[in-house]
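Read through the structure below, which is laid out as structure tokens, and then see the notes.
Each chain gets a letter, A, B and so on, in the order the sequences are listed, and its residues count up from 1.
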Amino acid sequence: MRTLILPVLSLLFLAACSPDPQSVSNKKSSSQKSSNDSSLSLFTPEPIGREFSGRPWITDLAIVDLDKDGLLDVLICEGKENRVAWVRQSSLGVYEEQVVGDSIQGPAHVEAADIDLDGDLDILVASMGVIFPNNQRIGSVIVLEQTDALTFEKRVLAEGVDRVTDVQAADLDLDGDMDLSIAKFGYDQGEISWMENLGNWEFKDESLLDLSGGIHAPVADFDSDGLPDIAALVSQEWEEIHVFRNQGEGTFDGRSVYGSANEDYGSSGIAIEDLNRDGLPDILYSNGDAFDYAMPGPRPWHGVQWLENRKNGYFKFHRIGELAGAYSPIAVDIDEDGDLDVVAVSGFNFWDRPNSVSMAYFENDGAFRFTMKPLARTPTHLIVVEAADMDQDGKVELVTGSFHAYPPYEKIARLTLWDR
Amino acid sequence: MSRSYSKGLIAVLSIMGALILCSCAPNVQPVKEQYGIQNADSYNQTFQEEYESLIKAVAKRPNDSEPLEALAYFYHANLLLKESQTVYASLFAFPDSKAKWHYYAGRIALDLGDQERALEHLNEAVARDDRYGLSHFYLGEVFLKLGELEKAESSYRSYLEIGTEKAYGFIGLGRVEIARKQWSQAEGLLLNSLREDSKIVSAYSLLTNIYRRMGREDQLKRVERAALNGERYHQPRDEWMEELYPFCLEPYRLSVIASILEASGREREGIEFLQKAVSLSPENSRLVFQLAEMLKKSDPSEEVTELLLRAIELDSTYESAHYAYVSELDSNGESEAALAASQRAVELAGEASGLWRQRGVLLEKARELSGAELAFRKAVEMEPTESKNQSALANFLWAKNEKAEAIVHYKEVRKLSPIEPKCRAILAAHYLEQKDFDEARKCIDEAVAIDPQLDGLTELNVQHHLLEGSAKLLEGDLEAAALSFESGLKIDPKHLDTMVRLVAVYLEQDELESARATARAAVKQHPRAAIAYRVMAGVEMKAGNAQEAQTWMERARKLQK
């Protein structure tokens, strides 16, 4: 009997010396879980738009009051259906969908702007030709011109060019008309350029940077000189953000303001936000693209960061936090504490693991220290999110688009309104 | 020995035993607090065992760098980057701190976007051992991203001196020159890179950009063509990083390693890592499928079919596995088994339109045409925006001679896919029949832009000019007709029908010399074609040379006999 007791006592003694690491780590994670999980109920998801079957590819969306009826609508790109649709909020909370542009191959970006300055909103579309890798020059820049009230006519401003991923409107040469800022992904060849409006729907393309992998080319006056500048995100093996400072008269001086030397960094998007509200536009930046390998999936370096505008073309890099497969960063005051938090979605995660996050926000403590809080685990495969007070209740809603291009094909959605 | 003495002795022995046990089994808790990972239980069994064993080893030999080094490599290999950073930081305190550890820490910092730390570690790695080329190379990469061009240049030059894959050094230097807008210097460096290794796609991309900038169209086109042979994800081989691979026990990471090795032409090694991944996670259907696909490329064997079947057993709705399994059986000549497997595929994973399309192809091959048609129609009904579905149904209907409906679906393909040349060629022929020359021209131009080598495309192009020219001729628009025929001959200078009609137009326009030159070319190119001689006779007749015309007519008659 005693011979048995001795080792048992010893084991007990050892156990007392070293508490079960499992229980420690479980305790830690369960407490984290409970504090984090409360954020999951902040929004209630609700599908909007048409009924769907299969696996939707919503490649981009924009929130805008297209018909100027005082209610916000949603414009979407359907990458597989090759069309652009308008999800109109016909009365508060009632959404009806209609196609406004079809036969637009591989639409990747949509936004509304009054291109012809006739007082109504036209729709700008970046068309890749095909969404997945291809070396051919099959991209185009398209405007759906609002000719009569809510009647749209397709105009092709450029075609047979490298696959176009972004097009944004601004009067870049300050001559009173709307020019365009363009990102062309291409594949082995791509480009960042701007298109000068020559009038009568004629545009002249001027190259700013010849590198493959252009994703976004937003416009903002970064150096406060009154001239709109262009920021550009270049992915592929370059993984760089460039800023082209407008020198006036259609000339730009570009330089790289950030670059990762990790060619698998997975740059997935930039957005312009004045995150620290100092009056200077900053750059929000996500890296989470991960389609490169046989099994698409997350990387430990995926996440969200911001480039703080320190004036004179200098930007300071700050990591915000990790998010597997991060896409589409936006600044929103989610916790309504007066400072801007950052929301992002996940296009690539371990979707077979039930705890994988598909949307999160990074809570800003006011001093730009951020804590990641999950907003959703389902639906999965989200690549775009936008925010606005859709129902006019004084609180911000989110709208997300799903891109179900790889398995698992569960937890599928198309267009989701996240009501608060 | 008294009873009380023996009791006391037992008590002492008990305490000593406990103390001995305590000192034998190391206390792992402090080690876990310092270096441990959260949620270790979420990993596979082998990973957990290795983790526990490495932690124990560190606890047992806290003053020894070896177990700590193994733990760092284990974390790093399994992409637990933050954890490995912590362990490397402890390793740096050892007096025999290795250059390699600093290199690894530098690469992690670089992966995480922390360039300042990356520089710090990579510089330390070079200070400790400047013979490892990639330390210099990645220093160059970071300096380049930071815009410190002179330092980047210096690092790339150091890499060129000792690095084994010099092509990357030249690319780095080329990028430095591009940043300086020194196009000619950049061009020279990138050409050097391609001389070293003609497969790196980045070198072609950069060179293309330079030629665009310099406005050198011919070189631009040559490089664009050559770039098609380039390979993406071609990275410099990193022996130090590869030393970490054996420590990897995370199946997803192993899958990525396998993909990288495959892309570098090292399939056999990739397969070994995938086999390891499958053994660690035998229930993961996607890993099993990836292994089957990789095996198929390097060494087709029965094992491929077995693996595909296993992937399906693990996930009966796994469309890609079904598709590959049916294709494999079919390509092995097992048609009946393929058909049976296809039937099972649409039963189990029938939401995938591609499986219905595949079934249509198999049934058509087996001459079960009604079943094939149903399958093709089902695929289109399920996913009408998938151009492959529209194309498959169109091809089937075309072969069945139901051309009107086939054309409807070819039009859909053209609308859906900018990269499908065949539908455009067929539509071009259709529009030519309809005498809609403008639409035919658009289709031909699109097809040529997509694939200029497509079978029959040149003939189609010439036919377009021929028919368009003929129509203009009928309308009496001689100038437009001549232009069309001349365009056709630019594409195919030997096209007899076009030559004959062009001669007719020239004669109508009284352009005798042009007519004679074209007729002579026809005779030269087609010495056995009687019509060429008759045309020649016609020219001479028109020129008033009756004797000559007679001679040409006789030669034509001889050939006709």
So B/S320 and B/F289, side chain to side chain contact (heavy atoms under 4.5 Å, CB included) or not? Walk me through it.
CA-CA 8 Å; B/S320 306; B/F289 176 67; 3.7 Å; yes

Please identify, among B/R213, B/R253, B/E351, B/Q290, the residue contributing the most non-hydrogen atom pairs under 4.5 Å to chain A.
B/R213

For B/S387, is it the side chain, the backbone, both, or neither that has a heavy atom closer than 4.5 Å to a heavy atom of chain A?
neither

Do the charged groups of B/E224 and A/R137 touch, with an N to O distance under 4.0 Å?
yes

Top contributor to chain A interface from B/R107, B/K82, B/M294, B/E386 [non-hydrogen pairs under 4.5 Å]
B/K82

Ring centroids only, cut at 6.0 angstrom: are A/Y406 and A/F348 within range, meaning strictly under it?
yes

Anything under 30° is parallel, anything over 60° is perpendicular, the rest tilted; go ahead and classify A/Y258 against A/F317.
parallel

Looking at A/D205 and A/K184, is any side-chain nitrogen of the basic one under 4.0 Å from a carboxylate oxygen of the acidic one?
yes

Is there a side-chain contact between A/K154 and A/I104, using heavy atoms and a 4.5 Å cut-off?
yes

Answer key: most heavy-atom pairs under 4.5 Å with chain B among A/S256, A/G297, A/G54 is A/G297

Less than 4.0 angstrom from a charged side-chain N to a carboxylate O is my criterion; do B/E420 and B/R414 meet it?
no

In terms of heavy-atom pairs under 4.5 Å with chain A, which of B/E262, B/E141, B/K415, B/E293 leads?
B/K415

Please classify the contact between B/L80 and chain A as side chain, backbone, both or neither, with a heavy-atom cut-off of under 4.5 Å.
neither

Contacting moiety of A/N134, where chain B heavy atoms sit under 4.5 Å
side chain

Looking at chain A, which one of B/I178, B/L79, B/T385, B/D111 has the largest number of heavy-atom pairs inside 4.5 Å, strictly under?
B/D111

At a 4.5 Å cut-off on heavy atoms, which part of B/N284 comes close to chain A: side chain, backbone, both, or neither?
side chain

What part of A/R55 gets within 4.5 angstrom of chain B, counting heavy atoms only: side chain, backbone, both, or neither?
side chain

Flag the one option from B/L287, B/T317, B/V142, B/L146 with the top tally of heavy-atom pairs under 4.5 Å to chain A.
B/L287

Distance only, no hydrogens: is a donor on one side chain within 3.5 Å (strictly under) of an acceptor on the other, for B/S353 and B/N389?
yes

Honestly, the part of A/Q136 sitting under 4.5 Å from a heavy atom of chain B is side chain

Answer with side chain, backbone, both or neither: which region of B/L112 has an atom nearer than 4.5 Å to a non-hydrogen atom of chain A?
both

Evaluate A/E239 against B/K145 for salt bridge (Lys or Arg N to Asp or Glu O under 4.0 Å), listing each step before the verdict.
CA-CA 9 Å; A/E239 307 288 350; B/K145 298 286 179 185; over 6 Å; no

A quick test of your reading: do over 12 heavy atoms of other residues, nucleotides or ligands sit less than 6.0 Å from CD of B/E148?
yes

Which of A/G160, A/G303, A/P300, A/S207 touches chain B most, by non-hydrogen pairs under 4.5 Å:
A/P300

Which region of B/E383, side chain (C-beta onward) or backbone (N, CA, C, O), has a non-hydrogen atom less than 4.5 Å from a non-hydrogen atom of chain A, or is it both or neither?
side chain

With a 4.5 Å cut-off on heavy-atom pairs, point out which of B/L81, B/I419, B/I210, B/I108 contacts chain A the most.
B/I419

Is it the backbone or the side chain of B/E319 that comes under 4.5 Å from a heavy atom of chain A, or both, or neither?
side chain

So does A/E78 pair up with A/R50, basic N to acidic O under 4.0 Å?
yes

With a 4.5 angstrom heavy-atom cut-off, which part of A/E191 approaches chain B: side chain, backbone, both or neither?
side chain

Pairing residues for A/W306 by the ring-ring contact (aromatic ring centres under 6.0 Å, His included) criterion, not counting sequence neighbours
A/H318, A/F368

Max heavy-atom pair count under 4.5 Å with chain B, selected residue of A/G190, A/P408, A/P298:
A/P298

Which bit of B/A179 is near chain A, if near means a heavy-atom gap under 4.5 Å: side chain, backbone, both or neither?
neither

Are the side chains of A/L209 and A/V234 in touch, meaning some heavy atoms are under 4.5 Å apart?
yes

Contacting region of B/R175 [heavy-atom separation from chain A under 4.5 Å]
side chain

Contacting moiety of A/P296, where chain B heavy atoms sit under 4.5 Å:
both

